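Remarks on the structure that follows.
Below, chain A is the first sequence line, B the second, and so on; all start at residue 1. On a predicted model such as this, the values are computed, not experimentally measured, just so you know.
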Protein chains: 2
Amino acid sequence: MKTEEISRVLIEKGLKVTPQRIAVYEAVAHLNNHPTAENIIKYIRKIYPNIATATVYKILDALTEKGLINRVKTEKDMMRYDAILESHHHLYCSETDRIEDHYDEQLDRMLEDYFEKKDIPGFQIEDIKLQINGKFLKS
Amino acid sequence: MKTEEISRVLIEKGLKVTPQRIAVYEAVAHLNNHPTAENIIKYIRKIYPNIATATVYKILDALTEKGLINRVKTEKDMMRYDAILESHHHLYCSETDRIEDHYDEQLDRMLEDYFEKKDIPGFQIEDIKLQINGKFLKS
DNA sequence: TGTCAAAAGAGAATCATTCTCTTTTATAAA
DNA sequence: TTTATAAAAGAGAATGATTCTCTTTTGACA
């Protein structure tokens with residue numbers, strides 16, 4: 001997303017457009033590897049050396065709350081973020097903290113079909129993601 | 001699992017059998033709601049008022065490392081645990097921290113079949129869990 | 001029964017994240 | 001363009017979940 005587009009989306013979501021917010025969003029999108037807050041802070045500080053830690057946390061919270069980015073579920077105690085909103089799955093490495101995106105439209109359709117027929121009583125589905133655990137082979 | 005069975009499994013996994021370890025395992029299994037470490041500590045302290053916080057964390061780490069329990073992936077910064085090892089999926093509430101188990105053997109078979117045919121290049125699958133996000137309806 | 005490495009106890013330390021107060025600024029209105 | 005102001009950012013303190021570290025206890029084996 002270009003800066004202009006980010007601004008537009010921020011406005012759409014009722015958020016003020018600030019250079020810091022644009023920087024945080026761009027960092028998450030550019031890193032594109034489910035970065036932690038620390039990763040994001042380090043990246044941004046190349047451009048904004050003085051941005052406050054609390055600012056980044058607040059912006060991440062705001063962007064998440066408004067749906068510009070998502071938090072990624074992990075077993076670890078550091079929050080990770082994802083700028084890719086469209087439907088995808090995650091490959092989790094059982095040996096490292098690596099998380100990769102996995103796209104599979106056929107799989108998506110299959111799951112969609114399945115859950116259209118198969119109701120979960122007492123629960124209203126909003127989204128289905130696969131958590132695929134395993135090992136990345138050397139490449 | 002009965003205490004005797006827990007002891008047996010601890011021995012199998014090369015862990016010393018201690019009352020604290022049995023208590024921690026039983027807490028996770030009994031709570032059975034993906035409890036946080038704090039939930040577990042509170043529960044155990046009804047029986048062992050003096051158990052150390054660090055002890056519980058160490059035991060949780062050991063049980064997880066040896067595969068007696070699993071960590072549950074969440075977005076939050078508190079670790080949650082699951083004593084149910086057999087294949088299941090999780091329903092995540094988008095409004096609260098509630099996580100429920102979801103069993104569906106038909107779904108399991110479908111996913112198994114699918115991924116037997118569909119390789120993920122450079123990745124060796126060990127386990128597949130569905131992360132089903134949505135809302136629990138009032139009951 | 002004795003030994004000892006591992007486990008538990010306990011409190012300090014760490015550090016990811018949040019809180020709180022002050023200063024700056026994006027945006028809207030005039 | 002200027003002004004006003006609520007929101008955002010800065011900055012450091014505070015919080016609390018988790019880990020570290022040292023001492024004491026203990027499970028399991030000989």
Lys118(B) bridged to Asp104(A) by N-O distance under 4.0 Å: yes
Arg71(B) with Asp61(B): basic N within carboxylate O range, under 4.0 Å: yes
Ring centroid separation Tyr81(A) to His34(A) under 6.0 Å: no
Which residue lies more 5' along DNA chain D, comparing Met78(B) with Thr55(A) via nearest heavy atoms: Thr55(A)
Which whole-number value in Å describes the distance from [X] [atom1] to [N] [atom2]?
X	N	atom1	atom2	value
Leu15(B)	dA5(C)	CG	C1'	14 Å
Leu10(A)	dT25(C)	CG	C1'	16 Å
Ile59(A)	dA11(D)	CD1	P	14 Å
Tyr48(A)	dT25(C)	OH	C1'	13 Å
Met79(B)	dC15(C)	CE	P	14 Å
Ile40(B)	dT18(D)	CD1	P	10 Å
Tyr57(B)	dT14(C)	OH	P	18 Å
Ile51(A)	dT25(C)	CD1	C1'	14 Å

Aromatic plane relationship, His102(A) with Phe115(B) - under 30° parallel, 30 to 60° tilted, over 60° perpendicular: tilted
Arg98(A) to Phe136(A) six-membered ring, cation-pi geometry met (6.0 Å, 45°): yes
Quiz item: cation-pi between Lys135(B) and Phe123(A), 6.0 Å / 45°: no
Positions of residues 16-39 of chain A (non-hydrogen atom under 4.0 Å from DNA chain D), listed by number: Lys16(A), Thr18(A), Gln20(A), Arg21(A)
Rounded to 10 degrees, the angle between the two terminal axes of the helix from dT1(C)-dA30(D) to dA30(C)-dT1(D), each from five pairs: 40°
Proximity to the side chain of Asp61(B) - top-ranked nucleotide from dT19(D), dA9(D), dG9(C): dT19(D)
Single-linkage hydrophobic cluster Ile84(A)~Leu91(A), side-chain heavy atoms < 4.5 angstrom: no
Donor-acceptor under 3.5 Å (His30(A) side chain, Val28(A) main chain): no
Main-chain N/O of Asn50(B) paired to Arg45(B) side chain as donor or acceptor, under 3.5 Å: no
